[in-house]
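Bear in mind the structure is a predicted one, so any value in this text is a computation, not a measurement.
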Amino acid sequence: MDNEVKNRIYSLRNELNYHNRLYYINNSPSISDIEYDRMMHELLELENQYPEYYDQYSPTQRVGNDHNEGFAQVTHERPMLSLSNTYSIDEVADFIKRAYKELGDSEEVKIVGELKYDGTSISLQYENGRLVRAVTRGDGVRGDDVTRNVMTIKSIPLVLPKGNYPYKFEVRGEILMPWTSFEELNKERAYNEEPLFANPRNAAAGSIKMQNSQEVAHRKLDAYIYYFLGDNLPYDNHYDNLKAIKEWGFKVSPHISLLNTVEEVREFINVWDIKRKELPVATDGLVFKINSLRQQEILGNTSKSPRWGVAYKFQAERAETRLKYVSFETGRMGVITPVANLEPVLLSGTIVKRASLHNDDIIKSLDIHEGDSLYVEKGGEIIPKIVGVNKTLRIKGSMPVQFVTHCQECGTELERIEGEAAWTCPNKNYCPPQIKGKIEHFVGRKMMNIDGIGEELVDRLYSVEMVRNVADLYDLTMERLLTLDRLKEKSAMRILKGIEESKQVSYRRVVYALSIPNVGETMAKILANASVNIDRLMSMTVEELSSINEIGPIIAKNVVEFFEQASNIAIIERLRIAGVKLALDESEQISKTDVLSGKTIVISGVFKNHSREEYKAMIENNGGKNSGSISAKTAFILAGENMGPSKLEKAKQLSVPIINEEEFIAMLEKVTS
């Protein structure tokens with residue numbers, strides 16, 4: 001039986017890895033999503049049932065986990081240099097002429113033309129066909145170890161199929177966020193009134209450095225490999241080496257070309273200046289590299305850039321259109337967003353009618369007047385952006401656009417957030433878009449998941465004064481709902497069923513649903529884990545909240561101020577009476593003992609079994625005290641992987657014991673068992 005299970009697990013892993021390559025690398029899936037999901041579900045069940053067959057390289061591990069992890073610094077075996085930029089075809093031609101001059105007239109020089117994907121650079125190290133480390137560019141000499149996060153990217157192979165690759169090698173590439181993933185992420189952030197990412201590059205860079213690999217998996221990143229390094233490469237040229245690694249399962253751009261003349265380079269630039277707009281990912285230029293590795297070595301590097309390659313940057317696409325008017329829109333959190341409403345204009349294949357002006361400072365810095373002719377750009381960005389004013393077409397006597405002083409929805413005088421550019425409406429409990437926005441957020445799928453209630457119904461419930469805050473939802477009855485026009489009994493039953501089922505939603509999601517300013521899904525989970533229940537969360541000070549990993553002073557202040565409002569406390573109490581979960585379940589909580597009483601403990605390194613915050617909670621719940629620095633009073637260091645070298649040295653000097661997480665967990669289990 002054991003052999004049957006083992007063989008089935010191995011077989012499923014091989015099949016899923018094969019289909020991952022077909023789907024993410026070759027873009028030619030051979031099975032349906034349903035069949036793929038069925039195999040993945042079967043493998044998950046088998047791995048859960050037989051944990052002795054755990055493998056960190058299993059396809060099931062690509063979902064990431066919600067453990068918070070710090071990033072260890074790693075020195076690159078070979079520096080990650082940046083290519084120098086050019087902005088005209090003539091400058092690229094000059095680069096090629098310099099290469100000919102350096103190499104001598106007798107040398108035949110071939111150029112590899114590639115797309116310059118607009119993401120964040122990554123170094124991937126493999127041993128015996130397995131990914132062992134992923135490191136960001138950093139300063140070119142040292143970068144961050146982001147292996148756990150990179151393992152969630154399905155286009156990056158964790159285990160290579162059998163092949164003639166070297167035992168040890170490195171590939172470099174670009175981590176990207178496809179346009180579809182970018183639009184989805186920004187839509188979600190706009191809904192939560194979080195700052196939008198300006199472009200996929202920023203979104204990809206921010207995602208890969210997140211502490212929570214489960215959230216990284218949610219971002220649906222992609223990657224293209226553009227360079228192969230090692231001691232025993234299969235070919236003596238860049239072009240054939242890229243073809244080789246593509247055969248081994250790496251995602252390499254299908255648009256790489258081998259170019260023989262400056263004229264072919266010019267044609268490559270002209271073609272891709274137009275075709276790049278059809279790609280599923282962002283590009284901001286092209287890259288040209290000398291193909292021969294021997295010639296690359298002869299040309300060498302400067303302190304910052306290789307002399308054998310150059311980047312050509314595309315000019316951002318720009319359009320000019322007339323400003324019709326500026327609207328000032330109030331969001332769920334009361335932030336006022338000025339929006340330029342424009343005469344429709346075609347830009348990068350789409351009709352642009354609106355563009356956010358973000359805040360008062362940007363309006364003033366651009367010096368926008370009523371009826372101005374504005375320059376709008378997308379460039380590598382999908383979000384239209386106002387970048388300037390054509391003042392030669394300014395209407396004589398036109399007045400500068402003035403930021404409103406009062407909320408356009410409720411008439412309340414606006415307030416400026418200290419230290420920020422945003423103006424807000426402070427009328428949080430009576431401003432219609434704020435109230436309705438909070439209710440819409442509360443019932444959302446990732447929050448309370450109340451089926452049948454959407455934007456239109458929230459508007460109707462609000463207009464008849466049936467629901468004026470989230471607690472009112474739990475007072476709805478069949479009789480009251482049926483008084484609404486066009487709402488049938490079947491729909492009312494679905495709504496009431498959704499409301500009843502929402503009482504089983506986890507405390508973590510309830511915290512997210514409350515619309516605490518700046519507290520998104522990840523922050524809500526961290527706050528819930530640290531507080532255990534709503535009463536503890538309501539009583540925590542700014543100092544206590546700020547000490548929680550990833551909870552900075554701004555979020556801490558927002559949480560305290562949220563629970564200082566009597567109206568919010570009243571809503572919490574009504575939710576409590578309704579039966580909404582306001583605490584972690586017992587199975588989610590950490591038992592308390594005094595086994596660590598009087599002990600000061602330092603946590604260092606990256607952990608596998610629990611997050612740093614969870615270990616801090618374990619220490620506190622068992623009578624211990626957390627400290628960030630090692631001293632003679634330190635009882636021991638709880639160390640994960642890649643413990644900081646300075647802390648390791650100090651521990652040796654002071655003879656402070658170091659224990660790993662398995663030993664620490666065993667210490668607690670011994671007392672509680």
Once rounded to the nearest 0.5 Å, what's the spacing between atom [atom1] of [X] and atom [atom2] of [Y]?
| X | Y | atom1 | atom2 | value |
| --- | --- | --- | --- | --- |
| Asn202 | Met177 | CG | CE | 10.5 Å |
| Ile153 | Ser213 | CD1 | OG | 11.5 Å |
| Asn17 | His19 | CG | NE2 | 10.5 Å |
| Thr136 | Ile208 | OG1 | CD1 | 9.0 Å |
| Phe197 | Asn199 | CZ | CG | 9.5 Å |
| Leu131 | Leu124 | CG | CG | 6.0 Å |

Within 6.0 Å of OH in Tyr54, more than 12 heavy atoms from elsewhere =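 Enclosed.
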
Would you indicate whether Glu42, at its atom CD, is surrounded by more than 12 heavy atoms from other residues, nucleotides or ligands within a distance under 6.0 Å?
->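 More than 12 heavy atoms, drawn from other residues, nucleotides or ligands, come within 6.0 Å of this atom.
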
Residue pair [X] / [Y]: nearest heavy atoms and the distance that separates them:
| X | Y | result |
| --- | --- | --- |
| Tyr512 | His441 | O-NE2, 2.8 Å |
| Phe182 | Ala203 | CD1-CB, 4.0 Å |
| Ile555 | Asn518 | CD1-O, 3.8 Å |
| Pro234 | Trp248 | CG-CH2, 4.1 Å |
| Leu668 | Val595 | CD2-CG1, 3.7 Å |
| Pro157 | Gly249 | CG-O, 3.7 Å |

Indicate yes or no for a side-chain donor-acceptor contact from [X] to the backbone of [Y] under 3.5 Å, with no hydrogens or angles considered.
| X | Y | answer |
| --- | --- | --- |
| His255 | Gly113 | no |
| Asp144 | Val146 | no |
| Ser11 | Arg8 | no |
| Ser181 | Lys220 | yes |
| Asn128 | Lys168 | no |
| Tyr507 | Asn529 | no |
| Arg509 | Met447 | yes |
| Asn291 | Tyr239 | yes |

Just jot down the side chain to side chain contact (heavy atoms under 4.5 Å, CB included) partners of Ser82, sequence neighbours excluded, or say none.
->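 Testing Ser82 for side chain to side chain contact (heavy atoms under 4.5 Å, CB included), a comparison that skips the adjacent residues, returns Arg137.
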
Considering only heavy atoms from C-beta outward, does the side chain of [X] approach that of [Y] to under 4.5 Å?
| X | Y | answer |
| --- | --- | --- |
| Ser253 | Tyr226 | no |
| Leu584 | Asn533 | no |
| Ser604 | Leu638 | no |
| Leu242 | Lys246 | no |
| Ile122 | Val135 | no |
| Arg508 | Lys581 | no |
| Gln214 | Lys525 | yes |
| Val470 | Met448 | no |

Answer yes if the ring centres of Phe228 and His238 are under 6.0 angstrom apart, and no otherwise.
->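 When the ring centroids of Phe228 and His238 are compared, they turn out to be at least 6.0 Å apart.
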
Just by distance, with hydrogens left out, do [X] and [Y] show a side-chain donor and acceptor under 3.5 Å apart?
| X | Y | answer |
| --- | --- | --- |
| Ser155 | Asp222 | yes |
| Asp240 | Asn237 | yes |
| Tyr53 | Ser58 | no |
| Ser207 | Arg219 | yes |
| Arg142 | Thr75 | yes |

Stepwise, does the side-chain contact (heavy atoms from CB on, under 4.5 Å) test hold for Leu16 with Met40?
-> CA-CA 7 Å; Leu16 287 166; Met40 181 66 79; 4.2 Å; yes

Side chain to side chain donor-acceptor pair (under 3.5 Å) against Thr120, all qualifying residues, sequence neighbours excluded =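 Not a single residue meets the side chain to side chain donor-acceptor pair (under 3.5 Å) criterion with Thr120.
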
Step-by-step side-chain contact (heavy atoms from CB on, under 4.5 Å) determination, Val505 to Val580 | CA-CA 8 Å; Val505 164; Val580 172; over 6 Å; no

For the side-chain contact (heavy atoms from CB on, under 4.5 Å) test, which of Leu176, Asp118, Thr180, Leu115 pairs with Val281?
->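 When side-chain contact (heavy atoms from CB on, under 4.5 Å) is applied between Val281 and each of Leu176, Asp118, Thr180, Leu115, only Leu176 qualifies.
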
Any pair with a residue in residues 117-146 that passes ring-ring contact (aromatic ring centres under 6.0 Å, His included), sequence neighbours left out, goes on the list, sorted by first then second residue, please.
->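 ring-ring contact (aromatic ring centres under 6.0 Å, His included) check on residues 117-146 returns Tyr117-Tyr224, Tyr126-Phe169, Tyr126-Phe250.
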
Could you walk me through whether Val216 and Leu221 pass side-chain contact (heavy atoms from CB on, under 4.5 Å), step by step?
-> CA-CA 8 Å; Val216 179; Leu221 298 172; 4.0 Å; yes

Please assess Leu158 against Met151 for the test side-chain contact (heavy atoms from CB on, under 4.5 Å), listing each intermediate value before the final yes or no.
-> CA-CA 7 Å; Leu158 305 182; Met151 288 177 74; 3.9 Å; yes

Looking at [X] and [Y], does any basic side-chain N land under 4.0 Å from a carboxylate oxygen?
| X | Y | answer |
| --- | --- | --- |
| Glu47 | Arg13 | yes |
| Arg78 | Asp231 | yes |
| Glu170 | Arg172 | yes |
| Lys116 | Glu174 | no |

Describe, in one word, how the ring planes of Phe664 and Phe636 are oriented to each other, choosing from parallel (under 30°), tilted (30 to 60°) and perpendicular (over 60°).
->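 Phe664 vs Phe636 ring planes: tilted.
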
Going by the side-chain hydrogen bond (donor to acceptor under 3.5 Å, both in side chains) test, name the single residue among Lys503, Gln504, Lys497 that passes it with Glu500.
->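 It is Lys503; the other options fail the test.
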
